[in-house]
2 protein chains.
Amino acid sequence: MGFFPERTGRKNKVKRVSGQPSKNLMAERRRRKRLNDRLSMLRSVVPKISKMDRTSILGDTIDYMKELLERINNLQEEMHLGSNQLSLLSIFNDVKPNEIVVRNSPKFDVERRDTDTRIEICCAGKPGLLLSTVTTLEALGLEIQHCVISCFNDFAIQASCSEELKKRAILDTEDIKQALLRNAGYGGNVSRVKPSAGQL
Amino acid sequence: MGFFPERTGRKNKVKRVSGQPSKNLMAERRRRKRLNDRLSMLRSVVPKISKMDRTSILGDTIDYMKELLERINNLQEEMHLGSNQLSLLSIFNDVKPNEIVVRNSPKFDVERRDTDTRIEICCAGKPGLLLSTVTTLEALGLEIQHCVISCFNDFAIQASCSEELKKRAILDTEDIKQALLRNAGYGGNVSRVKPSAGQL
DNA sequence: CCGCACACGTGATGC
DNA sequence: TGCATCACGTGTGCG
């Protein structure tokens, strides 16, 4: 508003009497530029651009973010539902994962030679365990080439699998073992299944 | 920059000579208020707020949105992986295998004696066939007691299953066979499984 | 004192 | 012609 910045009558105002009006000005210009850059970036990211207005951009951004959050929630719900279905669709009811009676010392052995992986499991059986085990193996990229399954009393499976070379570098035999343990309802902690202990 | 907004020399400027400096002023104030409101809404939505700066808010918003998009992509990938399993899970959906090369005459045998059901399958292998077959058997109420699987060339499985008595009355061996056929990608009509029928 | 960030009023522009 | 939006320079409080 100051028509005359020097304000002759006022005392300690800015002494911009000399020719440097450009210190604060440049800073303000840079700030404005940064803000506009951010705004244009936002506008480039958000697909729903109703208008080019600053306020509209911010509003659309908010709407888009809420939409994204909702989609994430839906996806996660479906994910959980799907996994539940996976675990219980085969057999009708879901056995609670807690309270698992270890009748015998469970056995989870994973050995690997070249691209061939031999897996031997013997543990307490429960509904759907065979299915989930096969699912787990496939999810790990292990293609079952030959296997013998026995479910009379405990659940026992001996499988020879071939695995994709790409995943071979990533997957450790311990990883496979842990995955199988978790799948079978055991804690997934190797300490709870002593490897060298007299298993079964 | 105009120090002298009235620009005495210029002619038709704003006629703000009278006492209404408040038409455009109020509009500008409203606009600023809307913009600030949107900004505060944004700040309230975005959880990652490093600083309260306007530019920082916008930057954090951009980062957060990219993060959300990435999470959505990951979830959708997992969904698709899971949905593959899910689609193979249900017996009733027809997986369009569009092309299945019958290398040998496929074999789908189902025999039953008392509560014991012997199943023998030998057909062309395809990814997920083992999993879907196990799923199908379990969904039919057939609990695999012992089975031998070989997937070296074709897909072969010999399984001994025990089934629940309730379903035993309902399920026919032919039903089981049809379900297994459909699951394996064959039309489900026994007539189409004629060994010599050139499928595809 | 200075750098920074913000709010303010104002001129200009597009519809 | 009004109305809405924007860019600009500036004042001001805070560290």
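Worth knowing before you read on, the calculation uses all heavy atoms, side chains too, and leaves out hydrogens, waters and symmetry mates. Each chain gets a letter, A, B and so on, in the order its sequence line appears, and its residues count up from 1.
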*Search all heavy atoms of A:Ile149 against all heavy atoms of A:Cys151 and return the closest pair with its distance.*
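A:Ile149 and A:Cys151 have their closest heavy atoms at CG2-SG, 3.6 Å.
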*So, for B:Leu129 and B:Ala184, which heavy atoms are closest and what is the spacing to 0.1 Å?*
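Taking every non-hydrogen atom into account, CD1-CA, 3.7 Å.
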Between the protein and nucleotides 5-8 of chain C, list every N/O to N/O distance that falls short of 3.5 Å.
from  : atom 1 : to      : atom 2 : distance (Å)
C:dA5 : OP2    : A:Arg34 : NH2    : 3.1
C:dC6 : OP1    : B:Arg54 : N      : 2.8
C:dC6 : OP2    : A:Arg31 : NE     : 3.3
C:dC6 : OP2    : A:Arg31 : NH2    : 3.4
C:dC6 : N4     : A:Glu28 : OE1    : 2.9
C:dA7 : OP1    : B:Asn36 : ND2    : 3.3
C:dA7 : OP2    : B:Arg54 : NH1    : 2.3
C:dA7 : N6     : A:Glu28 : OE2    : 3.4

*salt bridge (Lys or Arg N to Asp or Glu O under 4.0 Å) with B:Arg32: which residues, sequence neighbours excluded?*
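If we apply the salt bridge (Lys or Arg N to Asp or Glu O under 4.0 Å) test to B:Arg32, skipping adjacent residues, the hits are B:Glu28.
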Can you check the [X] [atom1] to [N] [atom2] distance for me, whole Å?
X: B:Arg38; N: D:dT5; atom1: CZ; atom2: C1'; answer: 14 Å
X: A:Arg43; N: D:dC6; atom1: CZ; atom2: C1'; answer: 13 Å
X: A:Arg30; N: D:dC8; atom1: CZ; atom2: P; answer: 14 Å
X: A:Met26; N: C:dC2; atom1: CE; atom2: C1'; answer: 17 Å

*Do B:Phe155 and B:Lys126 come within less than 4.5 Å of each other through their side chains, counting heavy atoms only?*
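No, every pair of side-chain atoms sits at 4.5 Å or beyond.
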_Can you tell me which residue among A:Arg54, A:Arg31, A:Met41 is in a side-chain contact (heavy atoms from CB on, under 4.5 Å) with A:Asn36?_
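In the set A:Arg54, A:Arg31, A:Met41, the residue that makes a side-chain contact (heavy atoms from CB on, under 4.5 Å) with A:Asn36 is A:Arg54.
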_Checking side-chain polar atoms at under 3.5 Å, does A:Gln145 have a donor or acceptor matched by the opposite partner on A:Ser160?_
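Judged by distance alone, the side chains do not pair up.
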